[in-house]
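To start, the structure under review is shown below, and the notes come after it.
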There are 2 protein chains.
Amino acid sequence: MSSQERKKSRVTLLDVARHASVSRATASLVLRKSPLVGSETRARVEQAMRDLGYVYNIGAARLRVERSQIIGAIVPNLTNPFFAELLSGIEEAIGATGKVVILANSGERVERQSMLLQRMREHGVDGVVLCPAAGTEPDLSEQLAAWGMPVVQVLRHISVDMDYVGVDYAGGMRQAVDYLASLGHEKIAFAVHGPFHSAYRERVDGFRDAMLAKAFDPEILIHLPPQLGEIADSTHLLFAKATQPTAVICFNHLVALGLAAGLHDCGLTIGRDLSLIGFDDVADAEAIRPRLTSVSTGPTAIGEMAARLLVERIANPDLPPRRVVNDTTLSVRQSCGRPA
Amino acid sequence: MSSQERKKSRVTLLDVARHASVSRATASLVLRKSPLVGSETRARVEQAMRDLGYVYNIGAARLRVERSQIIGAIVPNLTNPFFAELLSGIEEAIGATGKVVILANSGERVERQSMLLQRMREHGVDGVVLCPAAGTEPDLSEQLAAWGMPVVQVLRHISVDMDYVGVDYAGGMRQAVDYLASLGHEKIAFAVHGPFHSAYRERVDGFRDAMLAKAFDPEILIHLPPQLGEIADSTHLLFAKATQPTAVICFNHLVALGLAAGLHDCGLTIGRDLSLIGFDDVADAEAIRPRLTSVSTGPTAIGEMAARLLVERIANPDLPPRRVVNDTTLSVRQSCGRPA
DNA sequence: CTGAAAGCGCTTACAG
DNA sequence: CTGAAAGCGCTTACAG
């Protein structure tokens, strides 16, 4: 079928109305399932739609009502399985409402993020779920407000003026530290990496607070490079500080994977020579041996929740800003033992 | 800002035109960077756009020209890191053309996939990149053609009438088998799982052909359950056949991860007691110890290629259907040795 | 280069 | 329940 034929064969609501011998207004009411239309008429119209192969044109409808049924989702890194799970939760929940999600990857770049927001705005998205790129200025929030763009921040926050769905990183750190302390550990390192943002700060602060609460040295922070392969090869950094840790908490799933591999390379046995706790608990925590004890943050559920909040926000723009902070759970598996 | 104020403050092209003392037509030409407009006029119009905070309304434009600048991407499983990388390639390449991608997850369910295609059609997508759910009937292709919907199949194909971008699974199998044979292996198992589709068939057929070419027994197929945890616990199935394999090729990355873990649980050393080859080579092949020798399929590049083909197809609907089949590369690492 | 006009496919009062 | 009409914001000939 050539594109010309296609264009000619476009069936409109008026065609449907004529075929069913009703007015266009009535056909439109049937389309939107209005109770104003009698069931016999409705059936006739629906039959006409089938007969003619009618396709609803949301774009045209949108021009009248100010609602596109499209929402945007911007994440800093699609390749990270953690964000993939987040996205999967967003898509699931948004799809369930009959809407559709435009996906974009900011690649942790602020200018690219601006461009994407602008593009989404031109597409008339009803709102966006945003995991702000590291370095995003707080005043982005004012711009978005000036645009009248409903947004919910997810996992990272830049402003208290916008909805936020995230996780209780401090609580997670406490769970990890308390658990290690119960095993007898006192010299606990926190292995971090990646760019600086609210979730980074909350994890580090949470770690320090949890350590201080136990009167442990809160300053054993190990800075690791961003790439998976490089992390494994940087495992020696764990032992480069004055204090030799007997346990290490990982910033996230990538750090845990990398260190697990690196420790193996060093000939060290996890759980015996050194205890290891993961964070963010993505599916393959199960695939590491020994199985990785991990603080679970439930990215899928967070994505669903963020989507739900956005839908509410769109329906009711004047709601005060909300914060939803999910609890973490500690999944005890086999990577921690008593200090050597 | 209330939603009412927002509506009132909508700046249209006509406002811009008046502000710049030109006609709406001229303003429209400036918008689309037509060379017909003089540079002085152009500058005045652009200034007016800035002054007024004009936002281009793609939806309205779309109603005139039959092009939404939206494309759809449907994958069977977002959570699988392999598909996340694919998607990342698609998003990247589509974004580079200024278009936007609507993402959806079929969850490997055919009816859901139909619903998603219909929904995307109502949104007027210019085309879709589809990784068809297992069980998709070939006649979906006819329906899509009747719709006049440009589509490129990716990774899995259901019809020769539509563009396809995939990987040379048979070639990959040959690489794996030949490599193992060069190490002295003859009893090689293929560990499969998941639903049936073209990529499944091509891998299995490719495995058999490669084995037959070496005059090895081509029938050591091990069927594993779909979930990561269950795979590890099913490792004993490798040894339940009459012939005990000395090496196993994994259907994909999940199988490789699961079996690596399971073999560890059985007290077996990979590369010494049993050789293991992965397939699909996602990032964490590096995180397994020993490092996993793997057949790389490059999902990101495939996503980019599929996006590029779709853009071409949209521009030129009458092109004959094309097939792009990427070569795999064998990444030799440390999980294979000589037979025990 | 510009202006006036038609039209894309829908929704929404409004009068019947 | 129905019909006629206006309008959402843009693009596209067309005549100047």
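Just so we're on the same page: letters track the sequence lines, and every chain starts at 1.
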Those residues that, when tested against [X], pass side chain to side chain contact (heavy atoms under 4.5 Å, CB included) (two or more places apart):
X: A:Q47; value: A:R50, A:D51
X: A:V325; value: A:Y164, A:D168, A:R323
X: B:L63; value: A:N57, A:A60, A:L63
X: B:Q143; value: B:L140, B:W147

Expressed in angstrom and rounded to an integer, what is the separation of [X] atom [atom1] from [N] atom [atom2]?
X: A:E122; N: D:dG9; atom1: CD; atom2: P; answer: 15 Å
X: B:N57; N: C:dG9; atom1: CG; atom2: P; answer: 17 Å
X: A:D15; N: C:dC8; atom1: CG; atom2: P; answer: 11 Å
X: B:R10; N: D:dC8; atom1: CZ; atom2: P; answer: 11 Å
X: A:R42; N: D:dT2; atom1: CZ; atom2: P; answer: 11 Å
X: B:L14; N: C:dT2; atom1: CG; atom2: C1'; answer: 14 Å
X: B:H123; N: C:dC10; atom1: NE2; atom2: P; answer: 14 Å
X: B:L63; N: D:dG9; atom1: CG; atom2: C1'; answer: 9 Å

**Prompt:** What does A:S23 touch in the nucleic acid at a heavy-atom separation under 4.0 angstrom: a base, only the sugar-phosphate, or nothing?
**Reply:**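 Base, at least one base heavy atom under 4.0 Å.
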**Request:** Can you check each nucleotide of nucleotides 11-16 of chain C against protein heavy atoms at under 4.0 Å and return B for base, S for sugar-phosphate only, - for none, in 5' to 3' order?
**Result:** BB----
**Message:** Between A:T26 and D:dT2, is there a contact of a side-chain N or O with OP1 or OP2 at under 4.0 Å?
**Reply:**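 For D:dT2, OP1/OP2 do have a side-chain N/O of A:T26 under 4.0 Å.
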**Prompt:** Hey, mind stepping through A:R32 and A:S28 against side chain to side chain donor-acceptor pair (under 3.5 Å) and telling me if it holds?
**Reply:** CA-CA 6 Å; A:R32 283 166 302 125; A:S28 175; 2.8 Å; yes
**Request:** Given side-chain contact (heavy atoms from CB on, under 4.5 Å), test B:V125 with B:I102 step by step and report yes or no.
**Result:** CA-CA 8 Å; B:V125 297; B:I102 285 180; 4.3 Å; yes
**Prompt:** Looking at side-chain heavy atoms only, is the closest gap between B:L155 and B:F82 below 4.5 Å?
**Reply:**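 Yes; the side chains approach each other to less than 4.5 Å.
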**Message:** Quick check: closest heavy atoms across A:A48 and A:A20, and the distance to 0.1 Å?
**Reply:**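 What the structure gives for the nearest pair is CB-CB, 3.8 Å.
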**Message:** Check this for me: does any side-chain nitrogen of one of B:E108 and B:R156 sit under 4.0 Å from a carboxylate oxygen of the other?
**Reply:** yes
**Asked** Which dot-bracket string describes DNA chain D (Watson-Crick N1-N3 plus N6-O4 or O6-N4, or G-U N1-O2 and O6-N3, all under 3.5 Å; [ ] crossing; | other strand)?
**Response** |||.||||||||.|||
